[in-house]
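Note that ligands are numbered from 1 as they come in the structure, with each ligand's atoms numbered from 1 the same way. Computation of the quantities below employed the complete heavy-atom set of this structure, encompassing side-chain atoms and omitting hydrogens, waters and symmetry-equivalent molecules.
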Amino acid sequence: MSPKQNTYFFGGGKADGDATMKNLLGGKGANLAEMGKLGIPVPPGYTVTTEVCTYYMEKGKCPPALEAEMQKELVKMSEIMPGGVKFGDAENPLLVSVRSGARMSMPGMMETVLNVGLTSETIPGLIKKTGNERFVYDAYRRLITMYSDVVMEKGAGIDPEEHCGIREQIEEHLQKVKEKKGVTEDTDLTADDLKKLCVDLKKIIKKVLKKEFPDNPMEQLWGGILAVFASWNGKRAIAYRNIEGIPDDWGTAVNVQAMVFGNMGDTSATGVAFTRNPATGENLFFGEWLPNAQGEDVVAGLRTPMPLNNASKTPDQKNIKSLEEAMPKLYKELDAIQKKLEKHYSDMQDIEFTIQEGILYMLQTRVGKRNGTAAIRMAVEMATKESKGFKITRDEALRRVSADNLDELLHPMIDPVAEKKAKKIAKGLPAGPGGAHGQIVFTSDAAAAWYKEGKHVILVRNETSPEDVHGMKAAEAILTAKGGMTSHAALVARGWGKCCIVGCSALAIDARGKKLVVGGKTYKEGDVITLNGSKGVIYEGALPMLPADPKHNPFYKELMKWADEVRKMKVRTNAESAEDAAVAIAMGAEGIGLARTEHMFFDPQRIGIVRQMIVSATLAERKESLAKLLPFQREDFTGIFSSMAGKPVTVRLLDPPLHEFIGDLGAKDIAALAEKMKTSPAKIEARIAQLHELNPMLGHRGCRLGIAYPEITEMQARAICEAAAALTQKGIKVFPEIMVPLIGTVAEFKNQEAVIRKVAEEVMKETGVKFEYMVGTMIEIPRAALTADEIAKHAEFFSFGTNDLTQMTFGYSRDDVGGFLPYYLDENILENDPFQTLDQVGVGQLLECGTRLGRKSRPNLKVGICGEHGGDAESIKFCHRVGMDYVSCSPFRVPIARLSAAHAVLEEKAAKKK
Ligand code: PEP
Ligand code: MG
């Protein structure tokens, strides 16, 4: 069915739509409408809805009523624009821009065509009206360049070979013209040069694309609109959607808007700004501008822009004129508008403006992308004190900081001591924070391919374009020679929280020759460099990195405090050493949810003894090695219990997949083992062969080991209990939770529980010290979840081991999933890697039923999760909904778990309100 209304008008202080209509009008269209309503000077225009796009995708044509609606809107635009301009009028032509605008911002992914409406008929009229022939032909050559690329090539589905695209051929021709004239800047070309250039470009287009450049305004307009629709299904838009998880069926809106020109001379300008600094979060108006230029010059990084005001200047930009200095009155007007916009939206805005002959126009406003550091600072400041006439709630502040934002704050930085001594290669603009090192590559395909081989790469480009997203995603960091803080590279990197430096003009990049010359030295593909994305400095070689240091960030600490006040679930950590436990406590961990005791045995001092224990053929042999392990284990537990000082510690009994210990033993290891065990290497080899398993992850591990060899469980229980008794005697609070792994039946649990309790009683008797402890189990086999009511009659706590539970529910070996998972993700058979993000639909049911059945038998059953999913934001929210008491994750994920647990409560509140 045709949509009822295909176009929505804005301008002249009125608008058909508003900011709430993002789904229909796209983000840009909805915000243009909202700005129009607010009385902010927006050039008039109309939005063709996303419904028209989806209709077009389905039917291959536009709704029949669209044409008449568009004609009406063009008349309204004429009425609002000064000077009686009309679209296609020979005397007094109105030019329009055609821009895409999806529901969610997709920086540079979609298409834009400017100056639509310039033809052989309208050009003389515009020259007469403006008295500026150069300006008109400059506008025309921009239209030709964009239109041929966006509409005639990409829009027509032509996929040229690398470096053969029409845009590149046009740029090359332009470069030749400039070289011939001996000039470097486009602005050095005269009206005659540009006029001739336009004739040449149309010839190139005819030759390459075998089509005439259209000379009819309406044909240009339709071409632009349909090309925007087609761009929704372009390669780069699809790649971006896949990365960002944007559904394919949203479609894009198209905004047709009266052109205003920032390149009409010295009283004209254009710029991009943020109402607060998007890199630091500081409450200072921040941006970039270019005099006598069009907006795309700033966004595309074709000219390096200038700072908007003093607050935007870096120390070496002190002498560059800001807009504040060059046009103080207009700057004041812009400043007032930015304040009004931030107050209206109660959030930092990313705005685009153009000044045409002394008149300021706002082209766009949207909630600005920001890095993690900035997101946290803005959220906390906005919720702490009223500024710009508004204040947000603490809940809202928490909502505005994502798990990814926090992750970014926790990014590694270059070791400052090493950085001082390092060889500096060059300096650029600090576009994405943190430090990174890697091997340089010069194309995105190379970046993606090297990444697949497990290499760390830094993508080095003159500037990036949306075609580069796959390479940018694969790269550790991005470095560009051109562009500013709002260039494509900077926006995308910031959105992803990637280390990035832009506008490093000292770099001479030869992408085809795969080399880079800087400071007289050549760096080839594969050479290693380090970037400091927070300062914009590039170094030779790989510098050592320091883990991120959130400790000194007051905004982070404040936000975490608020999260802790809101969340209901506790957050524990997975740690096996006192050092890791200490790091986790500093990150806010409230206990240990999983100490994997087999990890304590990887130490070179112990691994030999563990191997002896595993290959022991007799009870006596095994007891001998266990006796050697006991003091080590006691020491481990003493260390962990004391550093957790009274906080609960879940110690899991041995769960070693045997192949991890004896799978890859070489002749030397076997000889050493034989010598220690006073036997022959051949006998050891025979024993290893006997122990060999075809499916070790489903083999003799977990409680199966303790059941076959109870002396192992006895030794571990003894080490735990003796450590607990000794510390209790010293007055140090301990609370061990002894956890049995890989239970599938209640009988397995009962068997191991009996061994543990017997040892605990013995130790209490021997030492005369009473200490509290619990015995519980991992739930990591589907059968355990399904019979949780039986198990909970005996087990005092449950901890879901979702790594194994995922393995056994899907039937995917967790060690071998890498072989087929990429195909599954590519083919959309799986949406995510289920070992990373909990499969809520399937595995989630087992978590829900395990918890429910367990609590049926034991209402106060303590339930947690200690698989990798305990550190994943979406999975954590699911755990909250299931009613778990805590999540446990690796130390560096603890802050993310604290925030996500708070988000879970806030989402629940919001759902209840609805
Ligand atoms: C699990 O299976 O989720 C778990 C935590 O145990 P492991 O990863 O050690 O098997
Ligand atoms: Mg497990």
Would you say [X] has more than 12 foreign heavy atoms packed within less than 6.0 Å of its [atom1]?
| X | atom1 | answer |
| --- | --- | --- |
| Glu453 | CD | yes |
| Glu693 | CD | yes |
| Lys570 | NZ | no |
| Lys623 | NZ | no |

Check: Below 2.8 Å, any N, O or S contact between Asp655 and the Mg ion (ligand 2)?
Finding: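 Checking the Mg ion (ligand 2) against Asp655, no N, O or S atom falls under 2.8 Å.
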For ligand 1, which atoms sit closer than 4.0 Å to a heavy atom of [X]?
| X | answer |
| --- | --- |
| Gly801 | 1 (C), 2 (O), 3 (O) |
| Arg701 | 10 (O) |
| Glu780 | 1 (C), 2 (O), 4 (C), 6 (O) |
| Cys866 | 5 (C) |
| Asp804 | 1 (C), 2 (O), 3 (O), 10 (O) |

Margin query: Which residue in the set Arg881, Gln845, Lys877 passes side chain to side chain donor-acceptor pair (under 3.5 Å) when paired with Gln840?
Written below: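 Testing Gln840 for a side chain to side chain donor-acceptor pair (under 3.5 Å) against Arg881, Gln845, Lys877 leaves exactly one candidate, Arg881.
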Notebook entry, point to check: What N, O or S atom of Asp804 is found closest to the Mg ion (ligand 2)?
Noted result: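 Relative to the Mg ion (ligand 2), the closest nitrogen, oxygen or sulfur of Asp804 carries the name OD2.
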Margin query: Among the N, O or S atoms of Glu780, which one sits nearest to the Mg ion (ligand 2)?
Written below: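 For Glu780, the N, O or S atom at the smallest distance from the Mg ion (ligand 2) is OE1.
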Next item on the list: Can you figure out which of Arg814, Glu868, Met808, Met778 has its heavy atom closest to atom 10 (O) of ligand 1?
Entry: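 Of the listed residues, Arg814 has the closest heavy atom.
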Checklist line | Identity of the nearest option to atom 1 (C) of ligand 1, non-hydrogen atoms only, from Ile865, Asn803, Ile779, Leu594 | finding: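 Looking at heavy atoms only, Asn803 sits closest to atom 1 (C) of ligand 1.
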Check: Cation over ring, Arg814 on Phe835, under 6.0 Å and within 45°?
Finding: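 So Arg814 doesn't make the cation-pi contact.
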Check: With a cut-off of under 6.0 Å to the ring centre and 45° to the axis, is Arg572 in cation-pi contact with Tyr886?
Finding: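 So Arg572 does make the cation-pi contact.
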Next item on the list: Given side-chain hydrogen bond (donor to acceptor under 3.5 Å, both in side chains), test Gln836 with Glu868 step by step and report yes or no.
Entry: CA-CA 7 Å; Gln836 200 178 351; Glu868 284 311 295; over 6 Å; no
Check: So which bit of Arg596 gets within less than 4.0 Å of ligand 1, heavy atoms only: side chain, backbone, both or neither?
Finding: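 Only the side chain of Arg596 comes within reach of ligand 1.
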Item checked: Nearest-neighbour protein heavy atom for atom 6 (O) of ligand 1, which is reported as residue plus atom name and distance ->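 Heavy-atom neighbour on the protein nearest atom 6 (O) of ligand 1: Arg652 NH1, 2.9 Å.
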